[in-house]
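Let me begin by presenting the structure, written as structure tokens, before commenting on it.
None of these values were measured; they are calculated from a predicted model. Throughout, protein chains are lettered first and strands after them, A, B, ... in sequence-line order, and every chain is numbered starting at 1.
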Amino acid sequence: MTRPVRISTTDRFNPMIVLTDLVDGAKRVHLWLAFASDEIQNRYRRSKLGLAWIVLSYLIFVATISIFFGTFSDLDHNRFTIYVAINFAIFTFLLGNITDGCAVFRVARTWISSVPLPHSTHIYKSIARSLFVFTINMIVAMTIFFLYGYKLELVAWEAIPAFLLLLVDAVFVQMILGYITARFRDIEHLIQSITRILFFTTPVLWVRDEHVSRGMRSTVSELNPMTHALEIFSAPILGRHADPHSWMFILYMSVALFVIALVVGGYSHRRLPYWL
Amino acid sequence: MNKSDAPGTSPNASGLPAIPEGDDIFLRAENIGVKFEVSGNVREQGLSEHDPRLIWNRRHQLRGVKALSDISFDLKKGDRLAIIGRNGSGKTTLLQTLAGIISPSEGRLISRGNITSLININIGIQAEATGHRNITLRGLAAGYSRKEIEEKRQGIAEFSELGDFLNMPMDSYSAGMRMRLTFAIATAFSPEILILDEWLSAGDVAFKKRATDRMQEFVSQAGILILASHSHKLIMDNCATGIWLDGGRIRAAGPVADVLKAYEESMT
């Protein structure tokens, strides 16, 4: 049996290394699950309520919004609460991946500069952590549905492929942002100010269908990828087919993200340890 | 003594020698160079003497640092190499390159066999987690299964002599305790190529003795040891050949006693 020879040499630009890294990282599932569970435990260590804070902070937000903003919408109160519950859960997950992506390699710098792990290990860890929070939020959302007497319809299964696609996109987004912010620290601040705007330009607090008339708000929200990401996931759960236009938007965006990840990763992979 | 005396260096450095067949572990550096890119606004301040490692552009702005140039050597199983040199001579950069943490900007590094590296004592641990948890994490990071880790846990605990401290978070450990644990973990999984930085000299006499014993046991199992250190004794006890790095280049290479003597004479 001849064991493989490892050759490490100069790669000025090598997009293939991104694919190798993604596959190698995925194989280390025990490692990134262990890291993710450690981080979740650390975050809530020494707090009395611990993990219950995930449920609480979600409930506080949904309750507040449905009481204060419910009157601005044409939907009745129950329907609006359900609408906010599902949209806020997926919105937090997606937004969390953007903000975590900015720091994904920075917070792992001690590991990156001491153990030659695939870079994607750190990305998977980060996503696993936000997936855990998302799962809890979805369980609470389903409980709210039940209490309000809302039943899922058959069309709800369409949310599953939508979520899987968004999960894959999260990997690319974190990779792109992780490398770019490692090199250009200013980008992280820029992203932070953009995410604040995303909260208002995405139909989480307001209902997209009520603002179809041409206007500033509708134009901005149509250009906002988050609007379409929410549409393909939430619409089936709320009992209707998602807008095909939104599916196309997200599909094109996924391809674009994949290509950008290859280019950015192909250039940055070798240089990351120098930048941190 | 000059560079062509480097152990195992092929006489025709221009033609690349063939990759060894079979299953034997080896590690070969072929004209490795490492350049750090700098993108700040450091300007040349009319210095009369330049450090040749700094790379300036035409507008006298600092563009990069050539940390290593033209490093070549060839190690086979059983080889024990010491890396000697002053602070800032490129020792740690070379070790990081050999460990696969940073990739060379010039040349090639070819190896066969598991590489375990202990380059900085403080890195690669989860400080909030317990010692036992870190044994698991380091083991997983090194690519071992949970079963293999559990098999080694007892041995690691004994070698580290930490006892019940293994149930405490690592940020409550002293530097010496951390070092004992990381060394115990790294050497527990019988690595084939072991790369150690000088931090080992932080241990007390008793630990150094046991560490040396363990390294010798490891090398007798036909591994490769690469050790960077300032400690004369540690080097003489553990290494057979040496490389003297000066300004990112190999200044001398050969039997460790000769290299160390030349290095120490240059200091006085």
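Rounding to the nearest 0.5 Å gives a distance of 7.5 Å between CD1 of A:Ile17 and OG of B:Ser103. Considering CD of A:Glu39 and CD of B:Glu128, their distance stands at 8.5 Å, rounded to 0.5 Å. Between B:Ile102 atom CD1 and A:Leu272 atom CG the span is 12.0 Å, to the nearest 0.5 Å. In this structure, CD in A:Gln41 is found 6.5 Å from CZ in B:Arg133, a value given to the nearest 0.5 Å. Between atom OG of residue A:Ser114 and atom CZ of residue B:Arg138 there is a gap of 6.0 Å, rounded to the nearest 0.5 Å. Atom OG1 of A:Thr121 sits about 11.5 Å away from atom CG of B:Leu140, to the nearest 0.5 Å.
Contact of A:Leu117 with chain B is made through the side chain alone, with heavy-atom distances under 4.5 Å. Only the side chain of B:Ile115 comes within less than 4.5 Å of a heavy atom of chain A; its backbone N, CA, C and O stay farther away. For chain B, the nearby part of A:Ile112 is the backbone; its heavy atoms alone come within less than 4.5 Å. Contacts between B:Leu98 and chain A at a heavy-atom distance below 4.5 Å involve the backbone alone (N, CA, C, O). Contact annotation for B:Ala99: only backbone heavy atoms (N, CA, C, O) come within less than 4.5 Å of a heavy atom of chain A.
More than 12 heavy atoms of other residues, nucleotides or ligands shown are found within 6.0 angstrom of CZ on A:Phe199. Counting non-hydrogen atoms of neighbouring residues, nucleotides and ligands closer than 6.0 angstrom, the NE2 atom of B:His132 exceeds 12 such neighbours. Open room surrounds CZ on B:Phe165; 12 or fewer heavy atoms of other groups in view lie less than 6.0 Å from it. The neighbour count for A:Arg185 CZ, taken as heavy atoms of other residues, nucleotides or ligands under 6.0 Å away, is above 12. Counting non-hydrogen atoms of neighbouring residues, nucleotides and ligands closer than 6.0 angstrom, the CZ atom of B:Arg153 exceeds 12 such neighbours.
Contacts with chain A were tallied for B:Gly33, B:Gly139, B:Ala141; B:Ala141 has the most, counting heavy-atom pairs under 4.5 Å.
Heavy-atom minimum distance, B:Leu137 versus A:Leu31: O-CD1, 3.8 Å. Listed here is the closest heavy atom pair of B:Arg146 and A:Ala34: NH2-CB, 4.0 Å.
Between B:Lys35 and A:Tyr274, every side-chain heavy-atom pair lies at or beyond the 4.5 Å cut-off.
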